[in-house]
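Remember, predicted model here, so these are calculated numbers, not experimental data. So that the names make sense, note that chain A is the first sequence line, chain B the second, and so on, each numbered from 1.
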Amino acid sequence: MKYFHNEIEKKWQKFWAENQTFKAENNSDKPKYYVLDMFPYPSGAGLHVGHPLGYIASDIYARYKRHKGFNVLHPQGYDSFGLPAEQYAIQTGQHPAKTTEANIKTYRKQLDRIGFSFDWSRELRTSNPDFYKYTQWIFTELFNSYYCNIDDKALPITELIEELEKNGNAKVNSPCDNKTPQITAKDWHNFSEKEKQAFLLNYRLTFLSDTTVNWCAELGTVLANDEIVNGVSERGGFPVVQKKMKQWSMRITAYAQRLLDDLQDIDWPQPIKDIQTNWIGRSEGAMVSFKIKNTKNSFKVFTTRPDTIFGVSFMTLAPEHELVEKITTPEQKDAVNTYVKATAKRTERERMSDVKTVSGCFTGAYAEHPFTKEPIPIYIGDYVLASYGTGAVMAVPCGDQRDYDFAKHFDLPIPNIFKDVDISESAFEDKGNTIIDNSDFLTGLPYKKAFKTIIYEMEKQHIGYKKINYRLRDAVFSRQRYWGEPIPVFYKDGMPQIIAKENLPLILPEVEKYLPTEDGKPPLGNATNWAWDTIKNKVVANELIDNTTVFPLELNTMPGWAGSSWYFNRYMDAHNSTDFAGKEALDYWQDVDLYIGGSEHGTGHLLYSRFWQKFLFDRGYVSKKEYAKKLINQGMILGESAFVYRDLETNKFLSKGLIKDKKVQAIHADVSFVNIANELDIEAFKNWRNDFKNAEFILENDKYIVGREVEKMSKSKYNVVNPDDICEQYGADALRLFEMFLGPLEQSKPWKTAGISGVYSFLKKLWKLYQIDENGKATISNNEPSKESLKTLHKTIKKVDADITNFSFNTSVSSFMIAVNELTQQKCNDRAVLEPLLVLISPYAPHIAEELWSKLGHTESIATAPYPVFEAKYLVESTKTYPISFNGKMRFTLDLSLDLNKEEIEKIVMTDERTQKQLAGREPKKVIVVPGKIVNIVG
RNA sequence: GCUCGAGUGGCGGAAUUGGUAGACGCGCUGGAUUCAAAAUCCAGUUCUUUCGGGAGUGUGGGUUCGAUUCCCACCUCGAGUACCA
């Protein structure tokens with residue numbers, strides 16, 4: 001009987017679905033194991049061959065763990081809110097829900113063909129009200145919480161209110177302590193309700209504030225820092241400008257230190273940890289106050305080099321700094337105004353592209369040096385960012401290159417405060433062991449000592465204090481879009497109010513237009529009836545609302561990362577209708593044991609989700625402060641684009657070898673028109689697009705040879721390979737094996753369809769090995785297998801088991817090939833070998849394994865079979881490698897078929913040339929030989 | 001600029017973490033089978049050679065009896081980040 005992958009695969013996919021083979025129970029005697037993929041955004045283009053790479057790896061692992069006796073949770077769902085569906089809706093008028101639904105159907109069909117062991121009964125979609133009900137609920141919980149720096153955790157806001165009533169905010173240092181004014185209990189009592197609400201916004205973990213945001217006019221929305229790449233929007237590549245807007249933000253900065261510290265506890269790839277560490281950007285330094293001469297004003301600066309304070313020769317404020325207006329002298333007013341306006345106009349991108357141009361303006365004001373009392377001129381300059389530190393710096397030109405350049409440009413003094421250091425060309429930025437000079441009481445001290453001394457002195461004289469600063473910013477949470485979770489907030493007296501849990505979800509309304517309203521409100525502003533209905537009938541039915549002063553509902557929606565910040569908890573109890581997940585389920589599944597997905601989410605999803613988990617942990621809703629123990633980033637599968645070359649003179653297409661030094665235009669040709677030998681199917685190409693219909697080709701050796709280049713797989717490059725086609729032609733098992741065989745999981749690698757013939761012929765050989773007769777039964781013997789066959793089997797068990805543990809799936813595929821070749825040669829047909837082998841292969845190629853398993857007479861799915869145990873005794877047969885330990889290690893390979901005893905092995909080892917070299921004439925005191933393990937020579 | 005990561009045949013990539021470099025697959029060459037093709041099977045395939053060998057894991061040094069693996073410097077490529085005081 002021949003191997004027909006199509007029949008087999010369809011049959012078993014149906015079997016698994018009908019028997020719910022992979023449905024996970026929320027309790028079991030078995031230990032739990034949770035394998036999670038980053039769920040896909042269902043785009044209109046469908047899956048290409050690169051997408052399933054991570055899913056295949058996680059599926060192999062999930063199936064492996066089931067064989068190993070674990071109760072495995074392996075769910076899948078869709079991140080179904082997002083911008084592309086909305087943009088498509090704007091263009092075509094199609095409701096995003098409809099296109100999303102259609103896309104999900106395509107995705108599901110494609111995924112099903114690959115034979116994943118997902119528990120689809122737990123499928124979730126972030127755009128589903130059943131799901132976003134809890135996304136909204138978490139938002140309200142964040143709103144109702146503050147970060148307590150004493151307990152170092154989030155607490156209910158009610159506890160803060162109690163404290164304010166008793167003691168004011170003297171004790172509760174908010175993370176935003178720069179801006180929050182100190183109040184007493186009396187102040188609090190004197191506040192009006194509105195003032196109280198406004199004050200609490202300084203503490204809530206999600207809060208409304210006027211912030212400078214990245215505004216993208218083309219997309220009509222604000223963007224978070226991680227949604228901007230090279231100064232333009234990640235999606236679409238549109239320009240982004242800075243703009244002040246009233247926005248919801250998430251106070252992720254409150255968690256900066258814990259997000260940093262807890263990286264130590266999780267087994268995540270080092271690059272991701274590095275990325276997050278850099279993004280959080282912790283730096284230690286000091287906050288220093290400077291008085292402004294002849295006024296009562298003062299301002300603070302943050303510096304990482306307080307030890308260089310005697311090298312300050314000017315101060316620089318960000319052009320947006322609030323003091324600029326107050327301190328600028330009348331003579332400088334015009335110049336300053338011009339400069340401030342000019343910088344405001346520049347986009348982020350322009351600012352970035354000319355970082356070398358020094359610009360700034362003198363304010364006319366002077367600060368007072370806190371120690372020497374000397375006057376220091378105050379400048380403004382756009383190299384100082386309003387959003388970092390205090391938006392002001394003390395400039396030490398001898399110790400900072402930017403200050404140095406600024407000083408040179410404006411001809412300001414550059415006092416040298418480093419001993420024996422030349423600063424005539426550039427600033428000296430090394431800390432090292434430099435000795436501080438010309439610095440009053442710091443003179444003669446090395447960096448570290450000077451740092452400590454100056455902070456001690458500052459704190460003593462109330463000039464400044466030690467301070468840790470983070471680069472991380474609070475995450476802007478509002479989006480002026482339609483296709484996202486509505487923010488569950490209404491406004492009363494201008495102050496935001498939360499919609500209670502029992503009134504959630506706040507359903508996304510239908511709108512006629514997906515564009516902003518005419519008066520510039522977000523798309524939800526088109527749904528006036530929805531807003532009023534929600535308010536009156538549901539939200540505050542018993543409250544009297546002043547229709548004139550209250551705008552009913554928040555019209556912004558949540559950003560794309562809201563749903564993905566907690567979805568992993570929902571899978572644990574996906575159908576719970578009263579809570580985001582039941583306590584029992586949460587306690588049972590705890591956290592994700594293995595998470596697989598792309599590294600491009602390092603500063604987005606992978607950071608935000610850790611933040612939300614910590615918050616849920618603080619408030620007692622989940623039991624783990626990190627949600628994923630281990631993370632693996634799968635690499636990208638790249639496409640191999642094909643190019644045809646149009647001669648710019650004759651307009652004819654030249655075969656690759658004929659280009660020489662002619663001027664040609666390279667044009668992407670669809671890769672499906674090209675065969676293994678890089679020959680183009682000219683007819684197919686002509687019929688492809690109208691403008692190629694009458695194309696003329698100049699051939700070499702009667703063939704048109706295309707050029708090839710490895711690029712990202714994308715529709716516009718016509719290099720996309722569809723997994724459906726591969727499944728049709730070679731089968732899902734071949735696709736799975738091949739994707740793994742392509743190379744290490746975490747590396748990027750090009751896809752070459754030609755290579756799949758290797759794994760395909762492996763599957764055919766495997767099939768042949770079981771000798772299926774005309775009745776569809778395997779020819780199998782129940783005899784004792786040969787020693788060789790047992791050796792092959794156990795060697796393979798050992799290797800594959802180690803491979804899976806190390807996630808090097810590529811080498812196990814090699815091992816399978818070797819095993820099948822050897823067993824074929826040995827003419828092995830023994831049940832005791834062929835059955836365990838099938839279990840080994842089953843995670844990788846589940847369909848063929850199931851089919852052969854059933855042909856061996858089993859009625860249960862192979863998925864429930866236990867993983868075979870490796871027995872060392874079968875490997876110590878012919879040769880064995882012996883490591884020798886003596887000032888290092890040495891390995892020996894001895895032929896054990898000779899059945900050597902201890903003494904004989906010792907003799908061989910001792911007379912060996914390498915041993916003699918190692919001993920270099922010395923006599924060994926003792927030679928320890930442990931057969932099968934180690935040879936130890938004690939010198 | 002800073003921070004990571006990687007350089008091994010024609011190609012994708014192995015190498016038990018310091019012990020016979022190039023497993024396995026693709027491709028290529030030759031052969032068997034076939035009227036022929038596909039499919040399948042067998043042999044070969046790092047380079048060089050006067051057939052004894054010699055060289056060889058980006059380059060140059062070092063440690064070691066022994067280095068693709070460890071250390072130092074450099075070159076190239078990739079990723080992240082970008083005026084963060």
All N/O pairs under 3.5 Å across the protein-nucleotides 26-33 of chain B interface:
none

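- The P atoms of B:rG22 and B:rC47 are separated by 14 Å, rounded to the nearest whole Å.
- One distance of note links CG of A:N806 with CG of A:D801; it measures 10.0 Å at 0.5 Å rounding.
- Under the 6.0 Å cut-off for aromatic ring centres, A:F314 and A:F406 qualify, their centroids lying closer than that.
- Protein atom CD of A:E746 is 11 Å distant from nucleotide atom P of B:rA6, rounded to whole Å.
- At a threshold of 4.0 angstrom between heavy atoms, the contacts of A:Q270 with the nucleic acid are absent.
- Base orientation for B:rG9: syn, the chi torsion being within 90° of 0.
- In this entry the distance linking CD1 of A:I272 with P of B:rU81 reads 11 Å, nearest Å.
- Of the nucleotides present, none pairs with B:rU16 by Watson-Crick or G-U wobble criteria with both distances under 3.5 Å.
- Between the CE atom of A:M636 and the P atom of B:rA6 there is a distance of 18 Å, rounded to whole Å.
- Dashed line: the shortest gap from a side-chain N or O of A:R402 to OP1 or OP2 of B:rC84 is under 4.0 Å.
- Across B:rA23, B:rA85, B:rG12, the shortest atom-to-atom separation from the side chain of A:V393 is found for B:rA85.
- Atom OG1 of residue A:T253 and atom CG of residue A:D474 lie 3.5 Å apart, to the nearest 0.5 angstrom.
- Each of B:rA85, B:rU81, B:rC4 was ranked by its minimum atom distance to the side chain of A:T303; first place goes to B:rA85.
- Following rounding to the nearest Å, A:D274 (CG) and B:rG5 (C1') show an atom-to-atom distance of 10 Å.
- Under the Watson-Crick or G-U wobble criterion, with both distances below 3.5 Å, B:rC70 is paired with B:rG62.
- Considering only the side chain of A:M817, B:rC24 comes nearest among B:rC84, B:rG13, B:rC24.
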Using atom types as modelled, flag every donor-acceptor pair under 3.5 Å from a side chain in residues 392-403 of chain A to any protein atom, sequence neighbours excluded.
| residue | atom | partner | partner atom | Å |
| --- | --- | --- | --- | --- |
| A:D400 | OD1 | A:R402 | N | 2.8 |
| A:D400 | OD1 | A:R402 | NE | 3.2 |
| A:D400 | OD1 | A:D403 | N | 3.2 |
| A:D400 | OD2 | A:R402 | NH2 | 2.6 |
| A:Q401 | OE1 | A:A427 | N | 3.0 |
| A:Q401 | NE2 | A:D405 | OD1 | 3.0 |
| A:D403 | OD1 | A:Y383 | OH | 2.8 |
| A:D403 | OD2 | A:V396 | N | 2.9 |

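- By the 6.0 Å contact criterion, CD on A:E429 is enclosed, its count of non-hydrogen atoms from other residues, nucleotides or ligands being greater than 12.
- More than 12 heavy atoms of other shown residues, nucleotides or ligands fall within 6.0 angstrom of atom NZ in A:K273.
- Looking at heavy-atom distances under 4.0 Å, A:K765 makes contact with sugar-phosphate atoms alone, never a base.
- As a whole-Å value, the separation of A:I280 CD1 from B:rU81 P is 14 Å.
- Among the heavy atoms of the strands, none lies under 4.0 Å from A:R282.
- Base pairing annotation: B:rU29 forms a Watson-Crick or G-U wobble pair with B:rA43, both donor-acceptor distances under 3.5 Å.
- Remark on RNA chain B: of its neighbouring residues A:A392 and A:N278, the 5'-side contact belongs to A:N278, judged by nearest-heavy-atom nucleotide.
- When Watson-Crick and G-U wobble pairs are counted only if both distances are under 3.5 Å, B:rG9 pairs with no nucleotide at all.
- At least one side-chain nitrogen or oxygen of A:S283 sits closer than 4.0 Å to the OP1 or OP2 atom of B:rA85.
- By the side-chain hydrogen bond (donor to acceptor under 3.5 Å, both in side chains) test, A:S289 pairs with no residue at all, sequence neighbours left out.
- If you check B:rA85, B:rA14, B:rA82 against the side chain of A:P744, the one that comes closest is B:rA14.
- In terms of the side chain to side chain contact (heavy atoms under 4.5 Å, CB included) criterion, residue partners of A:A642 (sequence neighbours excluded) are, by chain and number, A:V671, A:V674, A:V706, A:R708.
- Residues A:P750 and A:G281 each lie close to RNA chain B; by heavy-atom proximity, the contact nearer the 5' end of the strand is made by A:P750.
- Of all nucleotides present, only B:rU3 satisfies the Watson-Crick or G-U wobble test against B:rA79, with each distance under 3.5 Å.
- Among the nucleotides B:rC4, B:rU3, B:rG13, the one closest to any side-chain atom of A:P271 is B:rC4.
- Note on A:K752: only backbone sugar-phosphate atoms sit closer than 4.0 angstrom, heavy atoms only; bases stay farther off.
- A sub-4.0 Å separation between OP1 or OP2 of B:rA39 and a side-chain N or O of A:K764 is absent.
- For RNA chain B, the residues of residues 806-816 of chain A within the heavy-atom distance limit of 4.0 Å (strictly under) are A:N810, A:T811, A:S814, sorted by number.
- Judged purely by atom type and a 3.5 angstrom limit, A:H5 uses its side chain to pair as donor or acceptor with the backbone of A:Q729.
- Ranking B:rG12, B:rC84, B:rG80 by closeness to the A:Y388 side chain, first place goes to B:rC84.
- Taking the six-membered ring for Trp and the full ring otherwise, the centers of A:F738 and A:W751 sit less than 6.0 Å from each other.
- B:rU17 shows a glycosidic angle within 90° of 0 and is accordingly assigned syn.
- Residues forming a side chain to side chain contact (heavy atoms under 4.5 Å, CB included) with A:K768 (at least two apart in sequence, or on another chain): none.
- A:N821 has its CG atom 13 Å from the P atom of B:rU40, to the nearest Å.
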